[in-house]
Amino acid sequence: MSKDKSRLEPGAANARLRELREIIDTHNYRYYVLDEPSIPDAEYDRLMQELLQIEAQHPDLVTIDSPSQRVGAPPRSDLPPVRHAVPMLSILTETDTTEEAVLNFDARIRRELEIESDNELVQYSAEVKFDGLAINLRYENGVLVQAATRGNGEVGEDVTPNVRTIRAIPLRIDQQIPVLEVRGEVIMRRADFERMNDQQRESGGKIFVNPRNAASGFLRQLNSQITAQRPLTFYAYGIGEVVGFDIGNTHSELLDKLHALNFPVFDKRVISRGVDGLMQFYREIGKCRDDLPFDIDGIVYKVDKFSQQRQLGFRSREPRWAIAHKYPAQEQLTELLDVEFNVGRTGAVTPTAKLKPVFVGGVTISSATLHNIDEVERLGVQIGDTVIVRRAGDVIPQIVQIVPEKRPANARPIVFPAQCPVCSSPVERVEGEAVMRCTGGLFCPAQLKETLLHFKHRRAMDIEGLGDKLAEQLVDQKLVTSVADLYRLDIDTLANLERMATKSAQNLLDALEKSKQTTLPRFLFGLAIREVGEATAMALANYFGDLDVIMAADFETLQRVPDVGPVVAAHVVDFFATEHNRDVIQQLREAGVTWPKIAVRNRDEMPLKDKIYVLTGTLETMSRDQAKERLQLLGAKVSGSVSKKTSCVVAGPGAGSKLADAQALGVEVIDEQAFLERLGKLEA
DNA sequence: TTACCTCGAGCTCA
DNA sequence: CTCGAGGTAA
């Protein structure tokens with residue numbers, strides 16, 4: 001693709017225009033008709049920008065059928081067409097991520113409104129630009145009679161039955177208004193989208209690339225019963241034809257009126273005199289963009305006063321009084337350069353995509369997990385493919401789709417290794433599981449390394465100073481072959497390692513020494529028994545009270561522990577049945593690892609059973625983790641947020657909203673002093 | 001997954 | 001001055 005922005009010779013320009021029109025038409029078709037775009041919006045925008053630019057330089061080459069002359073593609077034939085009473089415009093070309101574009105916009109508005117004085121500021125309204133599907137809702141005499149998509153702006157598709165299933169959309173409005181067309185966006189919340197895709201994955205259904213596609217797909221679904229089951233929602237932001245309803249004098253007033261009529265209007269919006277307030281709003285929303293429940297593209301700024309909007313008017317296909325200020329794209333195209341296979345603590349062999357670095361949603365992404373074989377197959381991805389990388393809401397970048405037409409001739413399939421890439425042991429796939437596992441166990445350096453790191457974890461044995469690099473050296477130089485070996489390291493061996501000298505070595509030895517005084521739950525957690533995390537380790541420790549009892553417990557006995565089922569029980573039995581594991585435990589004990597006895601009490605005897613505690617602010621005499629541990633030993637649950645069910649909030653200095661919540665809900669609040677006294681009394 | 005910050009300590013060169 | 005560890009935020 002030519003990135004050359006300089007002026008082309010007419011011949012070359014014409015050739016490129018033809019090419020661009022064809023590409024854009026294809027993508028329009030995929031996007032609007034098939035609901036299966038194969039490139040991200042950002043890429044589409046670039047193509048469109050290039051087309052517009054060349055056409056601007058060569059006005060004589062603009063053809064009537066150029067994609068620049070219309071919005072979108074013709075409506076899909078299997079839904080009835082609807083001609084809009086008032087065209088549905090979009091804010092397409094004037095989009096930019098720079099503040100400069102906004103300043104230019106303001107300057108233009110001022111020029112066209114003939115505002116000369118610097119003291120006179122234009123009143124704007126700013127609202128989020130939803131990443132969904134624009135829709136027109138027509139109410140006649142207060143009743144929803146028709147809902148239509150934007151289509152090409154003039155003619156859209158009738159999606160009334162589907163829209164009626166969306167709960168956020170009123171089917172009737174209280175006031176008797178002869179005609180009211182409300183415009184807004186149908187969207188799907190991110191959380192709903194994730195949940196739905198998870199379900200689809202389980203049931204083998206179609207997986208959607210992003211919430212907008214999903215929303216679009218379901219809105220245009222022919223069977224409205226299917227739409228009814230989908231979590232679509234709606235926000236209003238404008239109007240079409242109106243008869244017999246006072247829309248007020250400004251855009252923001254209009255939104256208030258729509259809200260009063262029970263239309264959902266997103267509450268994050270502002271009115272600003274001049275551009276400074278707009279920029280501020282842009283930055284504020286930018287900061288919390290990922291916390292919003294749905295995807296947005298950017299912010300829309302509109303001249304607020306209708307009188308001024310009328311004065312400014314329209315340019316062929318867009319209002320002259322509005323502009324979209326976009327955020328960095330959450331989806332980008334890049335190339336899959338290679339796939340690496342990483343071996344985790346449990347031996348799981350995970351394919352990781354090495355990508356040509358791209359800037360997505362504010363950071364540079366160069367690698368992303370491909371999860372497992374199923375995912376690789378679902379994507380149909382090969383090395384060399386061009387892929388769409390998405391990073392939104394959550395933080396983890398995903399490869400959501402490949403662009404099949406961009407596959408190079410030398411693309412190679414992704415081959416899962418039959419042998420562990422680290423230790424060459426055979427790799428197995430357990431029946432019914434998606435993951436492949438290295439069978440090398442702790443003989444596999446990769447697994448051993450991860451096991452060491454788990455053992456030293458802050459919530460396990462808490463060995464400070466044992467990091468990634470050190471674990472790697474210890475394993476590679478065969479200085480450690482099990483967690484027990486850690487306690488046999490001496491200062492000379494350690495001091496000879498890279499980036500280690502006597503000081504660091506001694507610090508590590510001190511940390512190891514300190515770690516020997518531990519607790520049973522920490523120790524159990526540190527052993528890295530499959531499916532035994534912090535909570536399960538705690539449950540086992542509290543139930544049995546003693547390691548030897550746990551080791552001797554059989555499959556049935558284990559399942560009497562709360563939250564332990566057959567799967568966990570089997571893993572625990574397995575672990576302790578393995579001779580090597582028993583050896584290691586023996587060695588650890590011999591090295592001096594000990595923990596205080598836990599008085600076994602069953603749940604009913606625990607003084608704080610069924611109580612839910614919440615910690616907030618800073619505790620001065622102990623860490624949050626310690627406080628949590630002690631509470632749990634007394635049978636209490638420790639939760640992160642305050643609700644009706646919370647029994648007590650422990651508030652240290654600097655407590656914020658949780659304290660306020662507690663007071664609002666009338667939950668007991670105690671300070672650290674009172675907390676310590678209570679602990680002391682109950683632990684006795 | 002990346003970016004950024006802090007801390008302590010090792011390493012290098014004067 | 002650089003590196004590794006550790007934490008945290010986006």
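The figures here come from the full heavy-atom set of this structure, side chains too, leaving out hydrogens, waters and symmetry mates. Numbered from 1 within each chain, the chains take letters A, B, ... in sequence-line order.
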Novice: Taking atom C1' of B/dG8 as reference, at what distance in whole Å does atom CD of A/Q506 sit?
Specialist: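 That distance rounds to 15 Å.
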Novice: Taking the basic N atoms (NZ, or NE/NH1/NH2) and the acidic carboxylate oxygens, is any pair closer than 4.0 Å for A/D131 and A/R289?
Specialist: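 Answer for the salt bridge query: no.
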Novice: Go along nucleotides 9-14 of chain B 5' to 3' and tag each nucleotide: B for a protein heavy atom under 4.0 Å from its base, S when only backbone or sugar atoms are that close, - otherwise.
Specialist: BBS---
Novice: Let me know the distance between CD of A/Q398 and P of B/dT2, rounded to the nearest Å.
Specialist: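 Rounded to the whole Å, the gap is 14 Å.
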Novice: How close or far is atom C1' of C/dG4 from atom CD of A/E464, stated in whole angstroms?
Specialist: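 In whole Å, C/dG4 C1' and A/E464 CD are 13 Å from each other.
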Novice: Identify each donor-acceptor pair in which a side-chain atom of residues 444-455 of chain A lies under 3.5 Å from a protein atom, sequence neighbours left out, and give them as a table.
Specialist:
{"from": "A/Q447", "atom 1": "NE2", "to": "A/C438", "atom 2": "O", "distance (Å)": "3.4"}
{"from": "A/K449", "atom 1": "NZ", "to": "A/E472", "atom 2": "OE1", "distance (Å)": "3.2"}
{"from": "A/T451", "atom 1": "OG1", "to": "A/Q447", "atom 2": "O", "distance (Å)": "2.6"}
{"from": "A/H454", "atom 1": "ND1", "to": "A/R345", "atom 2": "NH1", "distance (Å)": "2.9"}
{"from": "A/H454", "atom 1": "NE2", "to": "A/F525", "atom 2": "O", "distance (Å)": "2.6"}

Novice: Would you give me the side-chain donor-acceptor pairs under 3.5 Å for residues 495-503 of chain A, sequence neighbours excluded?
Specialist:
{"from": "A/N496", "atom 1": "ND2", "to": "A/D492", "atom 2": "O", "distance (Å)": "3.3"}

Novice: Can you check the A/I463 CD1 to C/dA5 C1' distance for me, whole Å?
Specialist: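 So the two atoms are 14 Å apart, to the nearest Å.
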Novice: Taking N or O atoms only and anything under 3.5 Å, show me the protein contacts with nucleotides 7-10 of chain C, one pair per line.
Specialist:
{"from": "C/dG7", "atom 1": "OP1", "to": "A/R458", "atom 2": "NE", "distance (Å)": "2.9"}

Novice: Which whole-number value in Å describes the distance from A/K449 NZ to C/dG4 C1'?
Specialist: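 It is 13 Å, rounded to the nearest whole Å.
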Novice: Identify, residue by residue, the members of residues 469-489 of chain A with a heavy atom below 4.0 Å from DNA chain C, and return them in order of residue number, or none.
Specialist: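 Correct list: A/K469, A/L470.
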Novice: Count the heavy atoms belonging to other residues, nucleotides or ligands that lie under 6.0 Å from CZ of A/R407, then report whether that count exceeds 12.
Specialist: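 Enclosed.
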Novice: Looking at A/A484 and A/L588, what are the two nearest heavy atoms and their distance?
Specialist: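 The pair with the smallest heavy-atom distance is CA-CD2, 3.6 Å.
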Novice: Heavy atoms only: give me the nearest A/K129-A/V300 pair and the separation to one decimal.
Specialist: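 Heavy atoms only, the tightest pair is CB-CG2, 3.6 Å.
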Novice: The criterion is salt bridge (charged side-chain N to carboxylate O under 4.0 Å, His left out); which residues satisfy it with A/E375, sequence neighbours excluded?
Specialist: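 With neighbours one apart ignored, the set is A/R378.
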Novice: Does A/R488 have more than 12 heavy atoms from other residues, nucleotides or ligands lying within 6.0 Å of its CZ?
Specialist: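 Yes, because the 6.0 Å sphere around CZ of A/R488 holds more than 12 heavy atoms from other groups.
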